[in-house]
Each structure stands twice: as C-alpha cells, then as structure tokens.
Chemist: 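Please read through the structure below; I'll follow up with questions.
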Amino acid sequence: MLEQHSIGTEANFLRNTGESGQLILQYDWDNSSLGPLSQWPSSLRTTLGIVLHSAFPMFLFWGPDNICFYNDAYRPSLGLPGKHPAIGKPAIEVWPEIWEMTAALINEVYLTGNALWFENKLIPIERNGRLEDVYWTFSHSPVYGDNGTIAGVLVTSLETTPTVIAQQKIKETVLKRTRELEQANASISQANAYLQDIINSFKQPLQVLVPVYEGGEIVDFRFKLTNQAYASYANTTPDAISGSRVSEIFPGYLKTTSFTNVARTFLSGETDTWMIHYDQDGLDLYNEMTAIKMGDEVILHFADYTKLKYLEFELLNKITELENSNQNLEAFAHAASHDLKEPVRKIQMFANILQGQLGDKLSEQNRMTFSKIISAAERMGKLIDDLLQYSQFSLLPPLMEPVDLNENVRQVIEDLEVRIQESNASLILKELPVINGYKRQLYQMFQNLISNSLKYRDPATPLNIEISAAPCTENGINYHQLEVRDNGLGFEQQFAENIFQLFTRLQHTSMQAGSGIGLSTVKRVVDNHKGIVRAESQPGNGALFKIFLPNSAPNVEVSHF
C-alpha cells in the first residue's frame, strides 16, 4: 500500500484518486518538463481531476514530451508488472514498441483537432515480460490548455481482447457445426440403404401403398400400412387412415413427386430415391424418399431432414452476411485510402510553404517540429498508398494469364535500379518458370520481396540477393517452389509467421522505414494464387522466402489484360 500524503490546496483534484493519485503526488515534478505541481496550468489539473475520478479506463498524454498520466481503471491494461508505474514518463519511453503508430495518432489530433475512434483494433504491446496481442476499442481526443490551444491528448480505452477471442471461437464453432451437419447428411444417405431390412423397427415414416386405377391409369394410391411417424403428419393414427386414399389425407400430394415418382416405380419396377420439398397441405417438409416395388405394392419410406435443411439455410445466410461484410470492409478501406490521400498531401504542402515563409524566423525547435510534421505526413501517405494497394488485391482480375516470371522479375529489377545501385547490391536471377497467374500481382510480390531485402540489409556487408525456382510436391500437389534469398539482417525464426500479418514490424527493424504492409501484400498475392508462402531466417544470417505456386500448365487461350 502506498504511503498516504497530505494534499495541499493546489492538489485538491488528487483527493480520493487511489494509487494513481498517490503516484502523482510522489513524483519528482521539479525535475520534469512540467515543473512543480503547484505551477501546473488549471486545464491540466481539471483534466486530471476528470481522469483520476473516472471509473472508465483513461490515459492522458500532456505537453510536448507527451508526459503520461492514467487512472486506476486503466492500470490493469499495463500488466503485472508490465509498464506500471508509467506516470510522469514521456510516452516514447512507455510505448516504444508501438511508438510510430501512437505518435502518428497523437500528431493527427494535434494537427486536426478532431477526435479519433477505433474499435477492436489489434495493437500488440509489451507487458508481463512478453509481446502480447491485445485488442482495443479506444478514442483519442484533444485537450485544450489555458491558452486555447491543444495541450494534450486524452485516450479513453477499453481492452476487448476477451470479446474478440470469443467471436473467433464462435466462428470456429460455426465451422465445426457445419462439418457435423455434413456428416449428418452423409449418415442419412447411408441409413437409407439399410431401411429395407429394418423398416418395421426403425421409427421413420413408412407407407405400404397399393395403386388406384381409373381408365387403365394409376390416379392415386391407397394406404395398406403406415406407421405412427407418418400418420403424425396428419395429426392422426395409422388405424384411422388405413384403407383411405392418400389424396383424401394429403390432397396436394398429387401435384408432387411423392405421387408421380411412386407411380413410375410401380410401373417400371425400378427402385427410386429422390429429394423432395413438400410444401402442400399446410406442410413445409424436406424429405429424402425411397420407393421400392414389392409384388403388387409399393413400399415408401423417407428420412425427414427438415431441421437440418433449416440449419443449412441459417448457415448459408450467415455465410452471405460474412461475405457482404468482407466486401463492405474492403470497399471502405479502398474509399478511405483515396479520401485520406488528399488531406495528407495538403499537410505536406502547407507545412513546406509555411516553413519557407517563416524562413530565418524559425528557431531550431521550430524547425524540428516542422520536420516531424512533414515526416509524419510522409509516413502517413506511404501507409495510405500501401493500404490502398493491399485492399485492391482482394479484387482479382477476371482471368489468369500465362506469366513469364523471368520477364516479370527483370521488370522489377529495372524499376528498382536506382535503389539497387545505392545499396551496392548484387542480384542473381536463375531460370524461372512460366505460370498461370495475375501478372501485376506477381510483379508486386517480387517488388516487395526485393525491396524488403534492400531495406533490411547489413550496412557492413555487401548485399547479395538470389532468386531461383524448382518443381516440388506438397501434400500431393505439384508446385513451383520460388525462393528469394538474401544475406541481410535476418530475424528470429519465431516471428516467421507474424511478419506476414498486416501492420506487423519486428522490434529490431524499428530503425528502418516501413508500414508493415509489404509482406502482408506478398501473403495476399500468394493466397490469390492458391499458393503457400514461408519464411526462414536467423539474426545476422539473412532471410529466405519460399513461395509455392500451383504447377498447372499455362492456358494460352486465356485473354490477356
């Protein structure tokens, strides 16, 4: 338990604020950029009073150094021991692993004055001694200082990791139930083969029918024998309908295959099995019916899979909803990327204009601030371009075409010529196959892989990149195995799958510029080609990317786009 301290008049806003308030009182503010607590602006005290007395998790970044504050409700999100205590520390020290994203959000609030909102966003953070995948629903809002300008950013957040995990489990359950329903349907089909032998003991609808003739033609059938399972459809008993015409009990059956197919079986002597949706006589049933001729009678039995059918309808509706949701999300990402590019461009343009107009009037700190604004806008523009490109890969071209990967890679090398020369890199291109694929996407795949090697090279070692191919077989499927190998910085093998996730960047590469979209784009391209991508590496020993693309003969008749 923290020692209780007396609270002066200037710190009344800290009364009854729990552990977080005590930490603020104990902190050595005299040696911080905020100065003594008694000199704090009233806007900071008021904001902290709201934050510390709230039962909702809140976090506050204040001042040029983004000094961190938070309330007791936010405390569990920092882990045990995790990042706590972080009060009084600059944000870049508390959140180094996500600083690039955090700084961009803070800067956007400062620049626009608009609040930001995110729901169930994955933000991996360091806590409890490891990097955890954490989902958040949060907002960033501007806080205005005493002089009327934005002095801080208030973060209201709620960790939604359990909810997201639960949703993922629901999806897994739906898939499991779908497989169970498929197995159940298969079991029903198998059961019909044995019904002939166990018909008297199996509680399935059963009829033994004799034909009714008029003018030498079968016009109806008469019940000779039924069971209770069948009679229940008419809310009666087998004795009550024995000897009756079927049309007297179910008039609508004459319009369905439950009459015409039975008559055909009786006349031909051939056993018949078929599916029927019986929507007559106030019923709505899905049955698999089997008719067997025995002497002058027809045995008709069926399996009722109505409940299974409605479950199938429900699952199909869910699948359609999910597909529509995915399409809407992709369309939104595409539109949002386009809409965001223009304001980001204007931020860059006006920042450069303003910096030029002020000229020598700017202090060194002013120039640094302008540099940060322009740099952040450039990173945002690159991120938007990468996100736009990533969203477009879900929209496949109409048809595949034969693609000569040798020509494809040579075009990439030509377009990256300046970067390759600046990096003093050597490329070895071995013979590559011609495959059926999407030419532009394959170009982008190779461009991202080569750019990745150029970006994460070891400055002390000449960079070598080798691209090769060989046929192989995986799980009985023939593939072209493409390999892109370099001798760059490499990475820990444990991150080999994470690097293909959207916005994922490894900690030790934080000094290199990047959006975390390049390798996820490679994964999307490979998925679009029904392929497989793997990565192998060790720190300091370079990286090897293996791409497995289906080895199908190119269709020369496919239209070229």
Side-chain angles (χ1 to χ4, degrees), residues 163-209 221 223 225-238 240-241 244 246-265 271-292 298-329:
T163 300
V164 174
I165 292 175
Q167 291 173 347
Q168 292 171 347
K169 289 182 178 179
I170 290 174
K171 291 180 181 179
E172 293 173 358
T173 300
V174 170
L175 291 175
K176 181 180 178 181
R177 294 293 180 265
T178 301
R179 289 192 292 268
E180 290 175 352
L181 288 174
E182 291 173 348
Q183 293 172 357
N185 274 322
S187 298
I188 291 173
S189 298
Q190 294 173 358
N192 283 330
Y194 297 96
L195 284 178
Q196 297 176 61
D197 299 328
I198 59 174
I199 196 169
N200 290 326
S201 59
F202 195 66
K203 297 297 182 179
Q204 290 286 345
L206 165 69
Q207 309 162 68
V208 177
L209 306 174
F221 283 89
F223 294 115
L225 174 68
T226 63
N227 63 359
Q228 185 59 52
Y230 176 81
S232 295
Y233 286 130
N235 296 317
T236 186
T237 64
I241 61 175
S244 301
V246 177
S247 62
E248 293 174 351
I249 309 301
F250 299 107
Y253 107 105
L254 292 172
K255 304 175 184 178
T256 71
T257 54
S258 60
F259 167 67
T260 57
N261 284 14
V262 174
R264 186 175 61 192
T265 293
T271 299
D272 192 10
T273 299
W274 68 98
M275 314 298 286
I276 179 174
H277 176 204
Y278 193 89
D279 55 356
Q280 303 290 324
D281 308 312
L283 299 174
D284 189 11
L285 306 172
Y286 289 88
N287 296 321
E288 182 179 67
M289 307 188 75
T290 299
I292 306 168
V298 176
I299 297 176
L300 182 64
H301 63 86
F302 48 89
D304 187 335
Y305 64 98
T306 303
K307 292 182 179 179
L308 293 177
K309 193 65 177 179
Y310 279 105
L311 284 175
E312 179 186 342
F313 290 152
E314 184 177 348
L315 287 174
L316 289 174
N317 287 335
K318 294 295 183 184
I319 291 171
T320 300
E321 290 175 4
L322 287 173
E323 290 176 345
N324 291 337
S325 176
N326 286 337
Q327 291 174 357
N328 290 337
L329 286 173

Chemist: What's the shortest heavy-atom distance between Pro238 and Asn227, and which atoms?
Modeler: CG-C, 3.6 Å

Chemist: Give a yes-or-no answer on whether the side chains of Tyr278 and Asp304 include a donor-acceptor pair shorter than 3.5 Å.
Modeler: no

Chemist: Take Lys318 and Val174 through the side-chain contact (heavy atoms from CB on, under 4.5 Å) test and state the conclusion after the steps.
Modeler: CA-CA 9 Å; Lys318 294 295 183 184; Val174 170; 5.7 Å; no

Chemist: Tell me, do Phe259 and Leu209 make a side-chain contact under 4.5 Å, heavy atoms counted?
Modeler: no

Chemist: Report the residues that fulfil side chain to side chain donor-acceptor pair (under 3.5 Å) with Thr163, sequence neighbours left out, ordered by chain and then residue number.
Modeler: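 Partners of Thr163 under the side chain to side chain donor-acceptor pair (under 3.5 Å) test: none.
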
Chemist: Find the distance between CD1 (Ile165) and CD1 (Ile170) and round it off to the nearest 0.5 Å.
Modeler: 12.5 Å

Chemist: Evaluate Asp284 against Thr306 for side-chain contact (heavy atoms from CB on, under 4.5 Å), listing each step before the verdict.
Modeler: CA-CA 8 Å; Asp284 189 11; Thr306 303; over 6 Å; no

Chemist: Rounded at 0.5 Å granularity, tell me how far CG in Leu300 sits from CG in Leu225.
Modeler: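 Answer rounded to 0.5 Å: 12.0 Å.
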
Chemist: How far does CG of Leu315 sit from OH of Tyr310, to the nearest 0.5 angstrom?
Modeler: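 One gets 15.0 Å once the value is rounded to the nearest 0.5 Å.
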
Chemist: OG1/Thr173 to CD/Glu180 distance, rounded to the nearest 0.5 angstrom?
Modeler: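 Nearest 0.5 Å value for the OG1-CD distance: 9.5 Å.
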
Chemist: Between Asp272 (side chain) and Ala291 (backbone), is there a donor-acceptor pair under 3.5 Å?
Modeler: no

Chemist: Side-chain contact test, heavy atoms from C-beta onward, threshold under 4.5 Å: evaluate it for Val246 versus Leu254 and give yes or no.
Modeler: no

Chemist: Using a 4.5 Å cut-off on heavy atoms from C-beta on, say whether the side chain of Tyr305 contacts that of Met275.
Modeler: yes

Chemist: Within this structure, what is the OG1-CD1 distance for the pair Thr271 and Ile299, rounded to the nearest 0.5 Å?
Modeler: 9.5 Å

Chemist: Do the non-hydrogen side-chain atoms of Gln280 and Thr256 ever get within less than 4.5 Å of each other?
Modeler: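 A side-chain contact exists here, since the closest heavy-atom pair is under 4.5 Å.
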
Chemist: How are the rings of Tyr233 and Phe302 set to each other: parallel, tilted or perpendicular (split at 30° and 60°)?
Modeler: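 Aromatic pair Tyr233/Phe302 classed parallel.
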
Chemist: Apply side-chain contact (heavy atoms from CB on, under 4.5 Å) to Thr237 and list each qualifying residue two or more places apart in sequence or on a separate chain.
Modeler: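 Partners of Thr237 by the side-chain contact (heavy atoms from CB on, under 4.5 Å) criterion, ordered by chain and then number, come out as Gln228, Asp239, Ala240.
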
Chemist: Are Glu172 and Lys169 within salt-bridge range, i.e. N to O under 4.0 Å?
Modeler: no

Chemist: Could you please spell out the steps behind the side-chain contact (heavy atoms from CB on, under 4.5 Å) verdict for Phe250 and Ile241?
Modeler: CA-CA 11 Å; Phe250 299 107; Ile241 61 175; over 6 Å; no

Chemist: Do Phe223 and Ile249 have side-chain heavy atoms sitting under 4.5 Å apart?
Modeler: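 In contact.
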
Chemist: Would you compute the distance between atom CD of Glu312 and atom CD of Glu314 and round it to the nearest 0.5 angstrom?
Modeler: 11.5 Å

